[in-house]
Amino acid sequence: MSYAMRSRSFYVARSVALIVGYLTLFALCLFFTRPYKMAVSYPLQLIGVWLAVFACVWRAVRCTSRMRISWGLLSVAIFLWAIGLSLAAWEDLTRNSMQIDAGVSDLIYFLYGVPILLAISLPTEQPQTPLFAWLDGVQVLMTTCLVYVMLFSAFPFMHQAQQPISASRMQITYNIENLVFAAAATLRLLARPRDAEIRRFYQFLATFLWTYALCAAWYNHMVIALQEQTGSYDLLVVFPFLLVAGCALLPSAQQPASADTATGSLLTSFIDNASPILYTYALLAIGIAATRSHFGWAVAAIVTALIVYGARSIMLQNRLIRSQHELRQARDQLEVLSLRDSLTGIANRRCFDRILAVEWDRAARLGRPLSLLLIDIDYFKSLNDQYGHPYGDQCLTEVAGALRSALTRSSDLLARYGGEEFAAILVDTGLQDAEMVAARMQAAVRALSIRNETSLGQFVTISAGVATCVASQDSSAVALIEASDRALYKAKHQGRNRIEIGSIGDVAAAGEF
């Protein structure tokens with residue numbers, strides 16, 4: 001057995017021992033203190049529940065930031081339940097009737113479900129937005145208060161005539177609430193979240209809620225059937241909270257995230273996106289249903305639902321607009337990067353081909369001349385062999401800057417044509433002006449004084465092929481490229497460090513031959 005498995009077995013055994021030991025102690029205390037079992041039972045119940053609170057808080061502090069909100073919400077839920085239990089203990093000690101009035105403890109038991117629902121509806125595949133969580137909390141809180149008012153026809157601390165509710169009706173209400181929470185947690189678990197820690201949390205939550213639903217249903221049934229507030233069935237109250245405490249003390253999940261399936265991804269996406277809308281619809285529906293009996297609360301609920309829905313829609317629209325703007329910026333940046341040479345920073349071959357085609361069509365429409373320069377660094381291979389590739393890269397960068405400085409018009413384009421070759425598109429430029437630009441380029445490169453000892457001298461030089469033509473719709477830019485390339489070839493074979501002129505007529509003649 002590996003160390004990880006032995007360690008995990010130890011933690012599981014520790015949690016089981018905690019649960020069994022506490023339940024045994026609870027049972028023994030009830031057995032030996034029968035005349036005072038209510039006074040003994042409630043403190044032991046509270047200790048078990050508070051133990052669960054502290055265990056969840058401990059887990060929230062130690063877990064990842066993504067899970068801290070989920071464990072924090074569960075801590076708040078159990079904290080509210082502990083407060084409700086404390087108040088219920090006081091109410092039970094001062095009331096003997098099985099008729100239940102609108103008490104603060106019942107309201108807090110209702111509010112316990114608010115953080116539970118929020119924990120279930122937190123998005124697992126999308127960034128968690130705190131403001132959206134607060135808006136969902138407002139809707140769930142308003143829904144809970146409205147259901148409470150509809151059930152009791154009163155609200156704590158408000159001087160209203162209370163209408164007692166039977167214990168059996170209260171039992172049904174709590175059972176329905178518990179089953180809804182358990183089913184919702186199970187549905188979230190069936191969505192198969194990718195993250196192992198998130199999946200583990202929903203396993204714990206679903207286990208706790210189903211255990212709580214079953215124990216609460218049996219406990220309430222026993223209380224009503226036996227007409228007693230305290231008995232051995234009090235163990236059912238504390239068992240779910242001891243279970244969640246034991247789960248919280250287990251180590252975090254280490255297994256890799258499971259492969260997502262189409263069903264899980266679709267269900268997860270539906271829950272992430274539909275939960276807020278379902279909260280709004282539920283609040284609207286309950287508000288409309290309560291219009292006749294509780295008009296003020298109904299109006300408040302409907303207005304709250306509309307305000308929250310409108311605020312969420314505005315924020316989502318703003319987020320969509322911002323995302324679209326960021327996508328456009330990213331697309332533009334990628335477009336710029338795709339047209340730039342990463343080493344020299346000038347246009348690349350793709351950009352050169354695109355601009356040449358555009359300028360050729362424009363020159364053909366206007367009947368204007370178009371010149372093309374192809375430039376090659378002389379003996380660049382020997383420079384790389386002698387000084388190394390980093391030195392060669394630096395040479396290319398500096399030569400590109402010198403060539404670009406020789407172009408005085410923004411309409412002209414310098415591009416890296418390939419390897420140590422560069423190309424310059426000169427718009428609306430005749431042959432004589434093109435030669436002058438090529439001469440300026442040679443002078444600018446010589447001024448760099450980049451060392452490269454060859455038969456031409458001690459510094460880097462360039463050769464250039466120049467071609468000019470008046471574009472027409474019947475010809476293409478390919479002939480201009482071939483003419484410049486032939487001129488460059490001629491310059492290199494006639495000694496390098498020179499400028500040669502190419503003619504499109506020579507290209508046509510060579511093609512016919």
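Just so it is clear, the structure is predicted and the values come from calculations on it, not from any experiment.
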* Asked: If you measure from CD1 on I120 to OG1 on T186, what distance do you get to the nearest 0.5 Å?
  -> 8.5 Å
* To do: Looking only at non-hydrogen atoms, find the nearest pair between C395 and L383 and report the distance.
  => SG-CD1, 4.1 Å
* Mind checking what makes side chain to side chain donor-acceptor pair (under 3.5 Å) contact with R404, not counting sequence neighbours? -> none
Residues 419-433 side chain polar contacts: donor-acceptor under 3.5 Å, at least two apart:
unit_1	atom_1	unit_2	atom_2	d
D428	OD1	R368	NE	3.0
D428	OD1	R368	NH2	3.0
T429	OG1	R409	NH2	2.6
T429	OG1	V427	O	2.9

* Can you tell me if Q442 uses its side chain to pair, donor with acceptor, with the backbone of I462 under 3.5 Å? -> yes
* **Intermediate values then yes/no, side chain to side chain contact (heavy atoms under 4.5 Å, CB included), N178 and L209** => CA-CA 7 Å; N178 296 333; L209 291 175; over 6 Å; no
* To the nearest 0.5 Å, tell me how far Q386 CD sits from T454 OG1. => 9.5 Å
* Asked: What do you reckon, is CZ of F110 surrounded by more than 12 foreign heavy atoms closer than 6.0 Å?
  -> yes
* Structure fact -> Heavy atoms of I19 and L243 approach each other most closely as CD1-CA, 3.8 Å
* To do: Drop me the distance from W71's CH2 to L74's CG, to the nearest 0.5 angstrom.
  => 6.0 Å
* Determine, stepwise, if the pair L135 / M315 fulfils side chain to side chain contact (heavy atoms under 4.5 Å, CB included). => CA-CA 11 Å; L135 291 176; M315 287 186 290; 3.2 Å; yes
* **K490 vs R486 side-chain heavy atoms within contact, under 4.5 Å** => no
* Asked: Looking at side-chain heavy atoms only, is the closest gap between I481 and Y417 below 4.5 Å?
  -> yes
* Asked: Thinking salt bridges, do D385 and K381 make one under a 4.0 Å N-O criterion?
  -> yes
* Measure the OG1-CH2 distance between T304 and W297 for me, rounded to the nearest 0.5 Å. => 10.0 Å
* Are R362 and E359 within salt-bridge range, i.e. N to O under 4.0 Å? -> yes
* Asked: Do you know the tightest heavy-atom contact between A55 and A248?
  -> O-CB, 3.7 Å
* Do we see a donor-acceptor contact under 3.5 Å between the side chains of S463 and D376? -> no
* Asked: ring-ring contact (aromatic ring centres under 6.0 Å, His included) with F380: which residues, sequence neighbours excluded?
  -> none
* Counting heavy atoms not belonging to Y489, are there more than 12 under 6.0 Å from its OH? -> no
* Straight-line distance of F54 CZ to I78 CD1, nearest 0.5 Å -> 12.0 Å
* To do: Flag the pair D136 / L117 as yes when at least one side-chain heavy-atom distance between them is below 4.5 Å, and no otherwise.
  => no
* Just do the side chain to side chain contact (heavy atoms under 4.5 Å, CB included) check on L448 and V460 with the steps written out, would you? => CA-CA 8 Å; L448 294 174; V460 167; over 6 Å; no
* Asked: Is the cationic atom of R496 (NZ for Lys, CZ for Arg) positioned less than 6.0 Å from the six-membered ring centroid of Y379 and within 45 degrees of its normal?
  -> yes
* Side chains of R416 and L343: does their closest heavy-atom pair fall under 4.5 Å? -> yes
* To do: Evaluate the criterion side chain to side chain contact (heavy atoms under 4.5 Å, CB included) for residue pair F79 and C56; output intermediate values, then yes/no.
  => CA-CA 10 Å; F79 171 79; C56 290; over 6 Å; no
* Asked: Is any NZ, NE, NH1 or NH2 atom of the basic residue among D353 and R349 found under 4.0 Å from an Asp or Glu carboxylate oxygen of the other?
  -> yes
* Any side-chain heavy atom of C247 sitting closer than 4.5 Å to one from T207? -> no
* Asked: So, for A185 and A206, which heavy atoms are closest and what is the spacing to 0.1 Å?
  -> CB-CA, 3.9 Å
* CD1/I302 to CG/L146 distance, rounded to the nearest 0.5 angstrom? -> 9.0 Å
* Asked: Does some side-chain heavy atom of W360 sit less than 4.5 Å from a side-chain heavy atom of L480?
  -> yes
* Do you know the tightest heavy-atom contact between A52 and V244? -> CB-CG1, 3.7 Å
* Does the R340 side chain pair with the main chain of C351, one donor and one acceptor, at a distance under 3.5 Å? -> no
* **A487 versus G502, closest heavy-atom pair with distance** => CB-N, 3.5 Å
* Just wondering, do L407 and M441 contact through their side chains at under 4.5 Å, heavy atoms? -> yes
* Is there side-chain contact between V308 and L283, with at least one heavy-atom pair below 4.5 Å? -> no
* Verify the neighbour count for atom CZ of R62: are there more than 12 heavy atoms of other residues, nucleotides or ligands below 6.0 Å? => no
* When the ring planes of F241 and W81 are compared, do they come out parallel, tilted or perpendicular, using 30° and 60° as the limits? -> tilted
